[in-house]
*Asks:* 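Okay, here's the structure, questions in a sec.
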There are 2 protein chains.
Amino acid sequence: METPATVFDLNQLRRSCSSCALYELCLPAGIAGDDLDRLDATVKDKRALDRGAMLYREGDPFEALYVVRSGALKTFVQNEAGDAQILAFHLPGEILGFDALASNLHVSQAEALERSSICELPYAKLQQVTSDVPALHRQLMRVISREVVEEHRHLVMMGRQQAQEQLATFLKNLADRYERLHRDGTSLNLPMSRYDIANYLGLVVETISRLFSRMEEMGVLEVNRKSVRILRPDLLATLCRTDAPSRRNDVG
Amino acid sequence: METPATVFDLNQLRRSCSSCALYELCLPAGIAGDDLDRLDATVKDKRALDRGAMLYREGDPFEALYVVRSGALKTFVQNEAGDAQILAFHLPGEILGFDALASNLHVSQAEALERSSICELPYAKLQQVTSDVPALHRQLMRVISREVVEEHRHLVMMGRQQAQEQLATFLKNLADRYERLHRDGTSLNLPMSRYDIANYLGLVVETISRLFSRMEEMGVLEVNRKSVRILRPDLLATLCRTDAPSRRNDVG
DNA sequence: GCGGTCAGTTGACGGAGGTCAACTGACCAT
DNA sequence: ATGGTCAGTTGACCTCCGTCAACTGACCGC
């Protein structure tokens, strides 16, 4: 195969939802035929974001929703002192920007953790399509609802789990999401720093560091900087479980 | 005014969004005229829920969204051990049930904290109206987005704040929401137990108890069982602020 | 190579908040 | 009234995890 053809194919890939590798994971899931073409037409490509680059900032006007095509991002809120709380990490196929629907302003910020490419869905155009395509409307609601459910998971982790359970749950969740992307879920290459993980879980970086060491001693993980190999997925799964019924509170 | 007329008026009130006291806070905000009538027609009344009664359970099929008309509810998720994490408390005008949009099953549970009455919005009927009324569609998205933003607040509270800051923030938030309902925001009558508050904040009941006592000693509150009077709103506001830059992590 | 910087690790120590236990006082059924 | 139950309070103790500090090793520009 000659080089020009390959380049052309790549460009095609970059513009067509139907041929995108993330097809079933992304917004178009469940959309077909003409409707998919119409959705396709609303998608604007966004040039790649370098590590550290911001996709949107707090206070930015709401213009679009964004889909991660490759790479990874974090979203976070910041208080006036500059103190941040990371809300989520976003992998390929995941959609960002729903925070701005309420007030037409972004109330959180999104930053690339590594070089990433993004599909942009201008909301005005998206609305035109959704009003004609009820299936897309439902799908969009479903995606926001997934975000709500995902935040429930985050809340449970923070509110009910001990530090080690939190980190185990975090790693397992990441592994599951990588597997959905047809990547190896046992050999992770973490796009985020230890600081980011600590912040996300409401802990400090030293605690994360100690926990990685401890889980390595236990034979659960093999850790080398950003690379984490899960040697014992079964053990990792048990570490996620809160065995001490501490902070117990079955519903009264 | 004779009794029969009064009763009739009350029944009218119970069925008309446009004359409901929660009008501007509820889903219909920003909807007018014919469109409001059409929305109105989809609203089914739900008989009152007694304290402790469940509005929906985990695994229930998704049938409707619900608006609190009076009273208060809590929503929570439960793990297999029966351990619960409270996700939110819901006051009049607030909408519940979005968790089920993703999978058509409820993944959380909703329970009345006191005798409450509920408006039910059957989702099938609601969808018909939203597909004809784009403004309602946008409004619905906005309401879900508010839920996402509200969960961000909860995450920041849990992840970045100390116990006393958390409780202060919790009380201030409750006071603000009561004021939006045109109720006195300085004299709260907590619908939830100390256990519920502790669970919501990821703490234990003893800590909540001690904090109430401490804030009473400081002259910020006057506490008597479920009744909390805010004596010094200014001090309460300062207690919400994280002054020790602990767990610090400005964005890297 | 060499020094600077910064992410990450490890140890020693302390404190915020969890645990356990005892007590008080509403509230309720008999 | 009386006893039982359960929400809430308070104290004594302990532990998990945060704090502080020192160190290691990538990585990078010179």
Side-chain angles (χ1 to χ4, degrees), chain A residues 51-52 74 83 85-86 113-114 157-168 170 189-217 221-228 239 242-252, chain B residues 50-52 74 83 86 113-114 157-168 170 189-217 221-228 239 242-252:
Chain A
R51 179 189 150 97
K74 64 178 173 187
D83 219 33
Q85 170 66 49
I86 294 178
L113 292 168
E114 57 189 29
M157 233 192 311
M158 281 212 187
R160 307 248 75 72
Q161 295 193 302
Q162 311 252 76
Q164 179 173 283
E165 296 159 5
Q166 286 186 74
L167 183 58
F170 171 74
N189 215 308
L190 305 179
M192 71 291 287
S193 71
R194 301 284 193 271
Y195 287 87
D196 285 337
I197 299 174
N199 183 293
Y200 176 75
L201 297 176
L203 304 168
V204 294
V205 67
E206 294 92 332
T207 302
I208 300 300
S209 200
R210 278 186 250 272
L211 287 172
F212 269 126
S213 302
R214 194 200 299 177
M215 289 165 88
E216 208 168 8
E217 279 169 32
L221 304 178
E222 184 182 290
V223 183
N224 197 310
R225 289 186 66 73
K226 303 251 173 192
S227 133
V228 175
L239 291 183
T242 307
D243 21 33
S246 87
R247 295 168 169 186
R248 173 166 179 68
N249 202 358
D250 28 43
V251 55
Chain B
D50 278 327
R51 178 190 150 95
K74 64 178 172 187
D83 220 34
I86 295 178
L113 292 168
E114 58 189 29
M157 233 191 313
M158 280 211 189
R160 307 247 75 73
Q161 296 193 302
Q162 311 253 75
Q164 181 174 282
E165 296 159 3
Q166 287 185 74
L167 183 57
F170 170 75
N189 215 307
L190 305 180
M192 72 291 287
S193 71
R194 300 285 193 270
Y195 287 88
D196 286 337
I197 299 174
N199 183 293
Y200 176 75
L201 298 176
L203 303 168
V204 295
V205 66
E206 293 92 332
T207 302
I208 300 300
S209 200
R210 279 186 249 272
L211 287 172
F212 270 126
S213 302
R214 195 200 298 178
M215 288 165 89
E216 207 167 9
E217 278 169 32
L221 303 178
E222 184 182 290
V223 183
N224 197 308
R225 289 186 66 74
K226 304 252 173 191
S227 135
V228 174
L239 291 183
T242 308
D243 20 32
S246 89
R247 293 170 171 186
R248 172 164 181 70
N249 202 357
D250 28 44
V251 56

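Below, chains carry the letters A, B, ... as their sequence lines are ordered, and counting in each starts from 1. Small disclaimer: the values here were computed from a predicted structure and weren't measured. Hydrogens, waters and symmetry mates play no part in the numbers below; they use all other heavy atoms, side chains included.
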*Asks:* Please check the phosphate of dC16(D) (OP1 and OP2 only) for any side-chain N or O of Thr207(A) closer than 4.0 Å.
*Replies:* no
*Asks:* From CG of Leu167(A) over to C1' of dC16(D), roughly how many Å is that when rounded to an integer?
*Replies:* 15 Å
*Asks:* Can you measure Gln162(B) atom CD to dG18(D) atom P for me and round it to whole angstrom units?
*Replies:* 10 Å
*Asks:* Does any N or O in the side chain of Gln85(A) come within less than 3.5 Å of the main-chain N or O of Asn199(A), such that one atom is a donor and the other an acceptor?
*Replies:* yes
*Asks:* Are any non-hydrogen side-chain atoms of Arg194(A) and Phe212(A) less than 4.5 angstrom apart?
*Replies:* yes
*Asks:* Of the options dT19(D), dG18(C), dG8(C), whose atoms approach the side-chain atoms of Val204(B) most closely?
*Replies:* dG18(C)
*Asks:* Heavy atoms only: give me the nearest Glu114(A)-Pro191(A) pair and the separation to one decimal.
*Replies:* OE1-CB, 3.4 Å
*Asks:* Under 4.0 angstrom, heavy atoms only, what part of the nucleic acid is Ser209(A) near: base, sugar-phosphate, or nothing?
*Replies:* base
*Asks:* On DNA chain D, nearest-nucleotide positions of Arg210(A) versus Ile208(B): which is more 5'?
*Replies:* Ile208(B)
*Asks:* Working note: Leu201(B) + Ile208(B), criterion side-chain contact (heavy atoms from CB on, under 4.5 Å); need CA distance, chi angles, decisive distance, verdict.
*Replies:* CA-CA 9 Å; Leu201(B) 298 176; Ile208(B) 300 300; 4.2 Å; yes
*Asks:* Kindly point out which of dG18(C), dA7(C), dG18(D) is positioned nearest to the side chain of Leu203(B)?
*Replies:* dG18(C)
*Asks:* Could you tell me the separation between the CG atom of Leu201(B) and the C1' atom of dG17(C), rounded to a whole number of Å?
*Replies:* 13 Å
*Asks:* Choose from dC16(D), dA21(C), dA16(C) the nucleotide whose nearest atom is closest to any side-chain atom of Glu206(B).
*Replies:* dA21(C)
*Asks:* What is the separation between atom CG on Leu211(A) and atom P on dC16(D), rounded to the nearest whole Å?
*Replies:* 12 Å
*Asks:* In whole Å, I'd like the distance from the CG atom of Asp196(B) to the C1' atom of dG8(D).
*Replies:* 13 Å
*Asks:* Without decimals, in angstroms, what is the distance between Arg160(B) CZ and dC17(D) C1'?
*Replies:* 14 Å
*Asks:* Within this structure, what is the CG-CG distance for the pair Leu167(B) and Leu221(B), rounded to the nearest 0.5 Å?
*Replies:* 7.5 Å
*Asks:* Under 4.0 Å from OP1 or OP2 of dG8(C): is there any side-chain N or O of Lys226(A) that close?
*Replies:* yes
*Asks:* Would Met192(A) and Lys74(A) satisfy side-chain contact (heavy atoms from CB on, under 4.5 Å), going step by step from the backbone distance to the final call?
*Replies:* CA-CA 8 Å; Met192(A) 71 291 287; Lys74(A) 64 178 173 187; over 6 Å; no
*Asks:* Whole angstroms only, please: what is the CZ-P distance between Phe212(A) and dA7(C)?
*Replies:* 16 Å
*Asks:* Roughly what angle, to 10°, lies between the helix axis at the start of the helix from dG1(C)-dC30(D) to dT30(C)-dA1(D) and the one at its end, five pairs per end?
*Replies:* 40°
*Asks:* Can you tell me how far the OG atom of Ser227(B) sits from the CG atom of Leu190(B), to the nearest 0.5 Å?
*Replies:* 8.0 Å
*Asks:* Side chain of Arg225(B), heavy atoms from C-beta onward: which of dT10(C), dA26(C), dT19(C) has the nearest atom to it?
*Replies:* dA26(C)
*Asks:* Between dT9(D) and Arg214(B), counting only base atoms on the nucleotide and side-chain atoms on the residue, is there a donor-acceptor pair under 3.5 Å?
*Replies:* no
*Asks:* For Tyr195(B) and dG8(D), give me the distance from atom OH to atom P, rounded to whole Å.
*Replies:* 7 Å
*Asks:* With rounding to the nearest 0.5 Å, note down the distance linking CZ in Phe170(B) to CD in Gln161(B).
*Replies:* 13.0 Å
*Asks:* Is the phosphate of dT9(C) approached by Arg194(A) (side-chain N or O, under 4.0 Å from OP1 or OP2)?
*Replies:* yes
